[in-house]
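The block underneath contains the structure these notes are about, expressed in structure tokens.
Being a predicted model, the structure only gives us computed values, none of them experimental. First the proteins, then the strands, lettered A, B, ... as listed; each starts at 1.
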Amino acid sequence: MRGQSISALLLRQGNSEGQLGRDAQVNTNSKNANSRMQVSCDKSEIIIMCFKNLPIEFDAQGVAHLKGGAIDPYGYQRREINRDKLKEMMARNGHIKDVSISPVTRVAGALSFHAVADLQERKFLEANSVATIFRGYEVILKGRDPRDAIYISSRACGVCGGVHSTAACEAIEMAFGISPPPLGTVLRNLALALDFLYDHPLHLFLLAGPDYSQVVVEATNPAMWEKAKLTEATNAEVHQHKTIGDIMKSLNPLSGGCYLDGLKMTRTPREAYAVLFGKYPHPQTVVPGGMSSTVTITDFNEVLTRLQKMLDWTKRMILLWDDLTEFFYEFNPEYKKIGALSPNLIDLGMWDDPDSYDATYERCNEWGEARWATPGVVIDGKLVTTKLQQINLGLEEFVEHSYYEDWNQNGNQRYLTDPLGAPLSPNHPWNKETMPKPSKESWKDRYTWDTAPRWDRQVVEAGCYARIWTTAAAGMMPKNDFLEATGHSLKIHMPKTMLREMDFEWKIPEVWNAFERNRARAYCMGYNLMIAYTMTLKAFDYLRKGEDKVSTKFEVPKGERRGVGFWGAGRGFLSHHLVLDKGAIVNYQIVTPSTFNASPKDPFGNPGPYEQAVLNTPIIEDFDKPENFTGVDMLRAIRSFDPCMPCTTHIYGGEREIIREVNTCACGAEG
Amino acid sequence: MSEMPEKYVGEAGSPKPHLSETAGLPDQVGNVARRSMEELVEDICASQGKTQRSLGPLDKVYVFWLAGMSCDGCTVSVTGATEPALEDLLTGSLPGVPLVVLHHYVLQLESGDHYIHTLEKAEQGKLDAPYVIVYEGSIADESLTVDGEPFAAEGSLPLWAPSEQRRRVATAEWMKRLSPTAAAVIAIGTCATWGGIPASYGNVTGSMSVMDFLGKNYRSVLGLPVINIPGCAPVGDNFTDAVQAILLFLQGLGPLPEFDELGRPAWQFSETVHRHCVRAGYYEEGIFAKEFGDKECLVEIGCWGPVVQCNITEAGAISHLGGCMNAGGPCIGCTMPGFPDKFSPFYKSPPGSLLSSNASRLLGSIIRPLRRISQRERNREIRWHETVPSGWAMEKGDVSLTHKILEFFYEAMQFQGAKKPGRELPEEQFPSGYITLPEQKYGKDFQLLPEDRAKKAEKRT
Ligand code: SF4
Ligand code: SF4
């Protein structure tokens, strides 16, 4: 019925033998869906169809309704996880190994991973992603002045500098009914482009890079290292590394040129950021109704000199990742399956158009589509929506496998609809109220502090690659001199700097895996740079026109208000859902990219993106005996998402006390 | 975690409470380079032929970076440091400063047990150099989670039978186990130093600071209480600067670094941020920003700078650039023990500022006009008596009588008891044209060749 991408086919093949109940299934199937929903959804295909599992349909005007007839439209059956077969296999076969990596290093924050590997068949049979930190910021936010949400929620994550403060501002602006003046919006966009220009090099060279460096490749795949030394790099003339071996050497931690330059290059955009916004992370200059930066000509000149440095370096680095990726594919096509997933992606878009953005929910579809990164959901490689309202309606969070209690037990759903009257799930963030319940780790039951957000009850991944993908596929980017979204690619034109003028094109890839995530991230550096440059020019424009106001005055409203910040972090999707009453915060919910990516299984039995990516990963590394297995392929798969755990596990809602569960079963992680 | 077994089973015939008693771990999972970051650093140093690394008693120092209830912002800040830069410390490239071997989950090459094993070696005294603990984030009260998974964990250890069963280890536990034999404990960031946001009103996890956790009487092996480098997030340079200062002192090279009564590096934190603020002059003259984005003092839109100990206005946020008020952000006191509750709601002017800002408003209203007069006069070169030869400005020639009188007295006061320097050069006539010496002597056409000059002269006659 729907088009299958090559990677989806690849995955299916790769998995056909590894099926262990539902655990190893490709996550895009629709068996999880309630069949009733499926049927009526087919009927509604003639109208607007973006949901296939949720009981929501749209009429020709795009107005959403609940499909008729259901008593409990959002109800679902929880699918139990059965590990008996796996345990039996483990008991019988010595080559089936329980792999527990705690902590997974070179990711931001606290992540652990558990997997079961079949070292003979060279594949993974089970995977569990475990977030090992919980901070409870949401209780801390409750009852506070809404403006405090900006600075407090910022502290959810120090890796993504100012993304939370901005998302909080957008939520507050919606609730307060204000919006920033044009220069305020442009400054925000600039801040959030600079932010990612620090973030991507950090990941590419300090976190993920070492996995492709000489020290690791030589240790886990000596034949490849030998070949790499002899393989000339296609783009050597630009990036100045003669062979692939030179690139790998350059990626070596603490001694390689790329590693050290990568570290230095994380500072350059942060310097520009500090000049305009004060400090990084947690800037003091993001305020409701705009920014509080005092801008001068020098500030922008200082930004421009830094962009120039970044341009030179980025031109080289994009081609370097291209060369590295192609080398791996050529050396062994199996590498295309490392971290492979069927492309199910979600993004809220970002970088508002100053003329369209008015912070209202009513017009969110219009200003959303006018953004410099287009919101969207991609299912099986196909863009199914670009409307913020639809993306919002499709959001649900599940906690069946997390250390939280279900908030729906008491049956009081706060909101039945969104502000436009469209149906809202009881599991939607505006209704969510999470109660932490520290419990014992059990792979069958609860095993992480992360929750399982889903869109239309399907597993989706978030990332900067989702942003570039939805933008490229939608082809809605505002007209400009440097970037063009063609419907199948994003063209990036980079002006002359020390290096010549260069054109790049990121094409929607045919396979979706760890390498493509990293490659897309490298291209995103170019994308962000040209956004930063365009925004600087736009700022000049407004200053020339004398429109130099950066903020709007406001009052804190006293009535009940709702707001949502649809925004993006370095790693993609970021939403802040806010409920206010009597001038204070009643509920505050954050969904971050890693909340999606690091999520555990959902109640329908579908693993989260890290988990499924590991299940699809073949074991390629060399090892002579089981003890010498390092798990590098699996770690490459996990790291390609750029995990960021602080964001993931920030929050807890509700006034409830922590519920302590006295567990008498001593079966531990074996559950 | 599950119920504790009846009997502790870390004894003969049962799984060991540690990952490995002897060198080497049972398997290579997570050890992707088949060697640890520590070994890699040794290799790099060896390949550079570094034989004599340091000028003092210390050759290298291990730093174990532990994170509790943190946002990783402190780590991010430190990667931004340039004075000195992280990579300078980690490669032992600073003369006199021992090599810093950093064990950090964000940067480490190896994962899992191989990562944790080094922590165990430290605890068992098996390292070849002293170690320092750097703690980021607040410490949760893990007694609230005895029956479940810890709020903040780092790694897992085998403990009880069956052998596959592991126990996730709370970062608080690592702190407890490693602090007694650490050369120093450094708390970085406001969460670790004072408690910060996880420990503010509504704190569900019982979060607290490192000092709260270790107590007043804690002393490291070097006899030091907890060293605190606050900030949310801290200035990266404050951390590397303090580390370098401490290491140079231990080497017998640098002066004694001083710490204040709360364990903050005194040279960084003894002044209020207001004293070095780029907007302090506005405060003094009583001019205040009314809206976000205004260039004046931010006190009336929520700045707490006058009572906050922070050095960001002079140190900059990164590479000496930026700073909250430099860019336009009011100070919310993120370095202070009272943060956030004693400073919120943010964006409201601090109650104490009412008196002082109005006092400077009053004083400013008198001082400002006087200063402007004096400033205007000082914007004139001594020879610009009447007109100003600038094509840019509106003609400012006509100086009022009051201005002249005031300036007369001002000058009298200025040179009271001193001699007014003279300047008796002849009046110059430059606005119309400058006649060079040869021109004066040989006439306008002196630079022409003799024949051309002759021709010209001919024409003239
Ligand atoms: S902005 Fe803050 S720190 Fe600066 S002068 Fe005003 S009150 Fe002082
Ligand atoms: S100026 Fe204030 S808000 Fe800024 S870093 Fe210093 S203490 Fe924090």
Side-chain angles (χ1 to χ4, degrees), chain A residues 98-99 101-105 108-109 132-136 139-140 145 147-148 151-152 155 157-159 210 215-216 219 253-255 260 263 267 270-271 274-275 277-279 281-282 284-285 287 292-294 438-441 550-551 627-628 630-632 646 658 660-663 666 668-669, chain B residues 1-3 27-34 44 69 71-73 76 79-80 87 90-91 105 108-109 111-112 115 144-145 147-149 151-156 164-166 197-198 200 202 204-205 232-233 291-293 295 317-319 321-324 327-330 332 344-347:
Chain A
D98 197 89
V99 183
I101 301 190
S102 174
V104 174
T105 57
T132 62
I133 177 188
F134 166 76
R135 286 170 296 157
V139 175
I140 290 170
D145 188 298
R147 294 166 295 178
D148 289 1
Y151 293 157
I152 291 186
R155 271 71 184 179
C157 181
V159 184
V215 290
V216 170
L254 287 177
S255 61
L260 293 172
L263 177 54
R267 294 177 192 140
R270 278 189 275 176
E271 289 166 8
V275 166
F277 312 109
K279 79 190 211 290
H282 311 324
Q284 291 301 115
T285 43
V287 295
S292 78
S293 301
T294 311
S439 0
K440 205 175 60 60
E441 192 171 78
V550 291
S551 67
E627 300 87 272
N628 284 341
T630 65
V632 66
I658 289 186
R660 276 165 65 168
E661 182 188 72
V662 180
N663 199 319
Chain B
M1 205 53 219
S2 58
E3 259 187 313
D27 68 19
Q28 289 289 312
V29 170
N31 196 19
V32 291
R34 301 199 197 281
I44 296 171
M69 313 292 271
C71 73
D72 275 14
V76 166
T79 62
E87 63 272 23
L90 303 194
T91 51
Y105 57 93
Q108 210 71 4
L109 198 48
S111 293
Y115 174 83
L144 297 170
T145 63
D147 298 316
E149 285 295 304
F151 287 128
E154 194 153 305
S156 62
E164 304 82 46
Q165 191 181 335
R166 289 173 158 258
I197 287 183
S200 60
V204 268
T205 54
C232 185
E291 285 179 41
F292 298 121
K295 64 180 189 303
I318 180 167
S319 308
L321 290 164
C324 302
I332 57 167
S344 66
F346 308 126
Y347 310 115

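- Looking at B:Gln28, its side chain never comes within 3.5 Å of a backbone N or O of A:Glu627 through a donor-acceptor pair.
- For the residue pair B:Asn31 and A:Thr630, the shortest heavy atom distance occurs at O-CG2, 3.5 Å.
- Contact tally against chain A (heavy-atom pairs below 4.5 Å) for B:Gly323, B:Pro198, B:Ala317, B:Gly293: the top residue is B:Gly293.
- Atom-to-atom distance recorded for B:Thr205:OG1 and A:Ile140:CD1 is 6.5 Å, nearest 0.5 angstrom.
- Between A:His282 and B:Cys71, the closest side-chain pair of non-hydrogen atoms falls below 4.5 Å.
- Between A:Ile101 and B:Gly112, the closest heavy-atom pair is CG2-N, 3.8 Å.
- Annotation for B:Leu109 and A:Pro253: closest pair CD1-CG, 3.8 Å, computed over non-hydrogen atoms.
- From A:Lys279, atom NZ reaches atom CD1 of B:Ile318 across 13.0 Å, with rounding to the nearest 0.5 Å.
- With chain A as partner, the option from B:Ser111, B:Gly329, B:Gly202, B:Gly73 having the largest number of non-hydrogen pairs under 4.5 angstrom is B:Ser111.
- Chain B forms more heavy-atom pairs under 4.5 Å with one residue of A:Ala219, A:Ser292, A:Ser551 than with any other, namely A:Ser292.
- Using a distance-only test at 3.5 Å, with no hydrogens or angles considered, no donor-acceptor pair links the side chain of A:Thr294 to the main chain of B:Gly328.
- Taking both residues in full, the closest heavy atoms of A:Leu254 and B:Thr91 are given as O-CG2, 3.7 Å, listed atom of the first, atom of the second, then distance.
- Among all heavy-atom pairs drawn from A:Val550 and B:Phe292, the shortest one is CG2-O, 3.7 Å.
- Put simply, the side chain of A:Ser255 never gets that close to the backbone of B:Ile44: no donor and acceptor are under 3.5 Å apart.
- For A:Leu260, the part sitting under 4.5 Å from any heavy atom of chain B is the side chain, from C-beta outward, and nothing else.
- At least one donor-acceptor pair under 3.5 Å links the side chain of B:Arg34 to the backbone N or O of A:Asn628.
- Summarising the geometry of A:Thr105 relative to B:Tyr115, their closest heavy-atom pair is CG2-CD1, 3.6 Å, with the distance given to 0.1 Å.
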Exercise. Run the side-chain hydrogen bond (donor to acceptor under 3.5 Å, both in side chains) check on B:Ser200 and A:Arg155 step by step: do they pass?
Worked result: CA-CA 12 Å; B:Ser200 60; A:Arg155 271 71 184 179; over 6 Å; no
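- With chain A as partner, the option from B:Gly322, B:Gly30, B:Ala327 having the largest number of non-hydrogen pairs under 4.5 angstrom is B:Ala327.
- Both the backbone and the side chain of B:Phe346 come within less than 4.5 Å of a heavy atom in chain A.
- Remark: the backbone N or O of A:Glu271 is not paired with any side-chain donor or acceptor of B:Ser319 at under 3.5 angstrom.
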